[in-house]
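Below is one structure, written out as structure tokens; comments come after it.
Start at 1 and go down the list; that is how both ligands and their atoms are numbered. The figures here come from the full heavy-atom set of this structure, side chains too, leaving out hydrogens, waters and symmetry mates. Residues: numbered from 1 along the sequence shown.
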Amino acid sequence: MTAHPVKILFVASEVESLAKTGGLADVAKALPLALKEHGQDVRIIMPFYKTINRHDEAEKILDLSLQTSHGCQDIDYAVFKLMLEDVPVYLIQQNDYFERDQLYSEGEFAYDDNGERFTFFSRAVFQVAEALEFKPDIFHCNDWHTALIPYLLKQKFAHHPFFCNSKSVLTIHNAAFQGIFEKHQFQLLEGLADGLVDQILDGYNCINLLKAGIRFADKINAVSPNYAQELLTRLGSHGLCDYFEQRRGDLVGILNGCEYSDWDPATDKYIPTNYSAADMSGKAVCRQELQVETDLAQLNVPIFGMVCRLTEQKGFYLLLPALQQFLRHNVQVVIVGTGDSGIVAELESMQKQWPDKLRFIHAYSNEMAHLVEAGADFFLMPSLFEPCGLNQMYSLAYGTLPIVRGVGGLRDTVSDYDEDAENATGHIFYDPEPADLLNILRRALLLYLEHPEEFQAMRHRAMLSRFHWKESVWQYEALYNDALNVNPVQHQ
Ligand SMILES: Nc1ncnc2c1ncn2[C@@H]1O[C@H](COP(=O)(O)OP(=O)(O)O[C@H]2O[C@H](CO)[C@@H](O)[C@H](O)[C@H]2O)[C@@H](O)[C@H]1O
């Protein structure tokens, strides 16, 4: 730990146990808690969505108004506070922007003012910090929703007495989502967009928020070392490699941790029976329960599970054709997810074709996510890209061997059977081709059927692998220190 606690304002658009659509939320809870446990003065700030859990526990602490010029009306809002264990969470309540049924989109349609909503949020973050007299050493921003903050810090607050010593870190959880919006959504930037528009413009008349963050953050990190490398390549950077290349010296990869207080089969409260590497008997009960819950026959065949957002990123265009072949084998497959309606339709139709073998649970269900991790034998993550991935870490802990594509953080966390059988914890394929995925699925099946002892040894090894947040915390602390030592005239 550093001599004095670092004051960190952790800015995120979603936080697990309050509002969640994906892995960003898991990290936005676990990392601040781990930093706090390590002695840092960390506070979280996020929007107060209508759907937020623990709504009634939030206590109102401030009424504020964001002064605007350029013909916009001032925007009144309130700040609420609740505690996430011993980390304060500030919630920004502004009904026009956040009193909606979802966080970012309804069905497949993103809210058409998302640029304005998160510009308001980003500006309010500064006002709230000052009103609370919390002078952050570090604004820790996450993904495009909060990527304007490094820009505002450099352009609007560089000489502000309260913020002139603050620095920013931008964590990239998924650079495929960049927050690209037409310029008219940025009136709340009060002309600040105009001066620097070429640096963050994206095509005609649009601003790319993630580019703003990459350009202006003092330090940047991707959520795994391998993804940080991929962001420097044309193939893996989602079109941003020139921007990342310019910041190469300030870009690092820090692997996410796994929150074992939520994801440990020995203590998991969502599963019917707990189990551990030392006593695996409960896994069979979980398996049975998964079959009951999904109405699959109680057969002694391997179960392949998958839980994710239904998006192209997760490799469905490799998986769907591969499954058409793979389901001819004696296996059961359970897929839980919500998202793209095309993928939903294909999964539903495939389920009709394979009613005894495939179950598609079209739901967002934490309970089911835990049951699949505990009840399945293998876990599927054939992602096209995967900045870190959390489910493969959960799967390892539950002895549910991950079958992954060797990209991003999947490559950093899973050891492949064919590369090194003695240290293997799962199966990796590389080429983004259905045939390659089918091949690895069959190899995994073969191992399960013909080498049960080796399968059990691998399962045991997987369960003992650990990705503790405290290791990531040390690296984040080093990154904060580096950011605090950045010369103030750099990157202006
Ligand atoms: N239908 C459903 N029901 C229940 N739970 C569901 C669910 N669909 C998804 N989840 C949960 O959401 C989380 C998904 O996390 P991931 O890291 O795998 O992916 P995501 O792409 O959202 O995150 C992005 O950010 C994270 C965090 O940095 C990176 O690890 C990742 O690579 C990057 O794409 C897991 O906790 C999972 O269980």
Side-chain angles (χ1 to χ4, degrees), residues 10 12-17 19-32 103-104 140-145 170-178 210 221-228 230-231 236 238 253-263 268 270 293 305-316 334-340 343-344 347 359-374 376 379-398 400 402 404-405 407-414 467 469 472 476:
F10 196 93
S13 58
E14 53 184 89
V15 177
E16 218 282 326
S17 73
K20 170 170 171 176
T21 66
L24 165 60
D26 297 57
V27 176
K29 176 184 176 190
L31 176 56
L103 273 54
Y104 321 118
H140 188 148
C141 308
N142 294 275
D143 278 353
W144 69 263
H145 323 85
L170 174 66
T171 296
I172 301 205
H173 301 264
N174 193 335
F177 298 115
Q178 298 176 10
L210 196 64
N221 80 288
V223 287
S224 69
N226 197 32
Y227 190 51
E230 289 173 359
L231 291 178
H238 319 275
I254 301 179
L255 193 68
N256 286 333
C258 175
E259 190 53 70
Y260 293 106
S261 58
D262 291 332
W263 296 95
D268 190 326
Y270 292 111
E293 278 291 317
M306 182 168 186
V307 180
C308 64
R309 293 179 294 108
L310 305 179
T311 63
E312 214 181 325
Q313 176 194 343
K314 301 299 177 181
F316 282 96
V334 177
I335 300 178
V336 180
T338 55
D340 184 298
I343 299 174
V344 170
L347 284 168
R359 276 298 167 277
F360 166 48
I361 314 289
H362 186 198
Y364 191 96
S365 160
N366 199 27
E367 288 82 353
M368 275 309 293
H370 282 256
L371 188 58
V372 169
E373 290 291 5
F379 196 91
L380 303 172
M381 290 185 79
S383 306
L384 292 187
F385 68 94
E386 196 58 77
C388 177
L390 297 169
N391 280 100
Q392 83 281 13
M393 300 193 208
Y394 306 156
S395 306
L396 290 167
Y398 283 72
T400 302
V404 306
R405 186 153 171 258
V407 288
L410 299 173
R411 187 77 193 89
D412 288 326
T413 48
V414 178
F467 303 93
W469 269 110
S472 323
Y476 275 106

Checklist entry - Ser224: heavy atom below 4.0 Å from ligand 1, yes or no? => result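 Heavy atoms of Ser224 never come under 4.0 Å of ligand 1.
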Next on the checklist: For Met368, state whether at least one heavy atom is located under 4.0 Å from any atom of ligand 1.
Outcome noted: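 Heavy atoms of Met368 never come under 4.0 Å of ligand 1.
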State the atoms of ligand 1, each with its element, that fall below the 4.0 Å cut-off from a heavy-atom position in [X].
X      : answer
Asn174 : 34 (O)
Leu24  : 25 (O), 27 (C)
Glu386 : 31 (C), 32 (O), 33 (C), 34 (O)
Asn256 : 27 (C), 28 (O), 30 (O)
Cys308 : 8 (N), 9 (C)
Val27  : 27 (C), 28 (O)

Under the 3.5 angstrom rule, does the side chain of [X] hit a backbone N or O of [Y] as a donor-acceptor pair?
X      : Y      : value
Arg405 : Leu384 : yes
Asp143 : His173 : yes
Asn142 : Ala12  : no
Tyr364 : Arg309 : no
Glu230 : Ala228 : no
Gln178 : His238 : yes

Ligand 1 versus [X]: contacting region, heavy-atom distance under 4.0 Å:
X      : result
Asp26  : side chain
Thr21  : neither
Ala25  : neither
Cys388 : both

[atom] - nearest protein heavy atom and its distance:
atom                    : result
atom 34 (O) of ligand 1 : Gln313 NE2, 3.1 Å
atom 24 (C) of ligand 1 : His173 O, 3.8 Å
atom 4 (C) of ligand 1  : Ser365 O, 3.3 Å
atom 21 (O) of ligand 1 : Arg309 NH2, 2.6 Å
atom 12 (O) of ligand 1 : Lys20 CE, 3.6 Å
atom 14 (C) of ligand 1 : Gly23 N, 3.6 Å
atom 29 (C) of ligand 1 : Gly389 N, 3.6 Å
atom 19 (O) of ligand 1 : Lys314 NZ, 3.3 Å

Item to check | Worked verdict on Tyr398 versus Val372 for side chain to side chain contact (heavy atoms under 4.5 Å, CB included) | outcome: CA-CA 10 Å; Tyr398 283 72; Val372 169; over 6 Å; no
Next on the checklist: Quick one, Thr400 and Tyr394 - any side-chain contact, counting heavy atoms below 4.5 Å?
Outcome noted: no
Checklist entry - Between Thr171 and Asn221, do the side chains contain an N or O donor and an N or O acceptor separated by less than 3.5 Å? => result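 The criterion, which ignores hydrogens and geometry beyond distance, is satisfied for Asn221 and Thr171.
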Next on the checklist: Is it the case that the side chains of Tyr270 and Glu373 hold a donor-acceptor pair, with the cut-off being a distance below 3.5 Å and no angle test?
Outcome noted: no
Item to check | Spacing of Asn174 atom CG and Thr311 atom OG1 [to the nearest 0.5 Å] | outcome: 8.0 Å
Item to check | Closest non-hydrogen atom pair between Gly236 and Tyr227, with its separation | outcome: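 Here Gly236 and Tyr227 meet closest at O-CE1, 4.4 Å.
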Next on the checklist: Regarding atom 38 (O) of ligand 1: of the candidates Leu410, Leu31, Asn391, Thr338, which has the closest heavy atom?
Outcome noted: Asn391
Checklist entry - Given Tyr364, Phe385, Trp263, which has its nearest heavy atom closest to atom 7 (C) of ligand 1? => result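 Result: the heavy atom closest to atom 7 (C) of ligand 1 is in Tyr364.
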Next on the checklist: So for atom CD, which belongs to Gln313, do other residues, nucleotides or ligands contribute more than 12 heavy atoms lying within a distance under 6.0 Å?
Outcome noted: yes
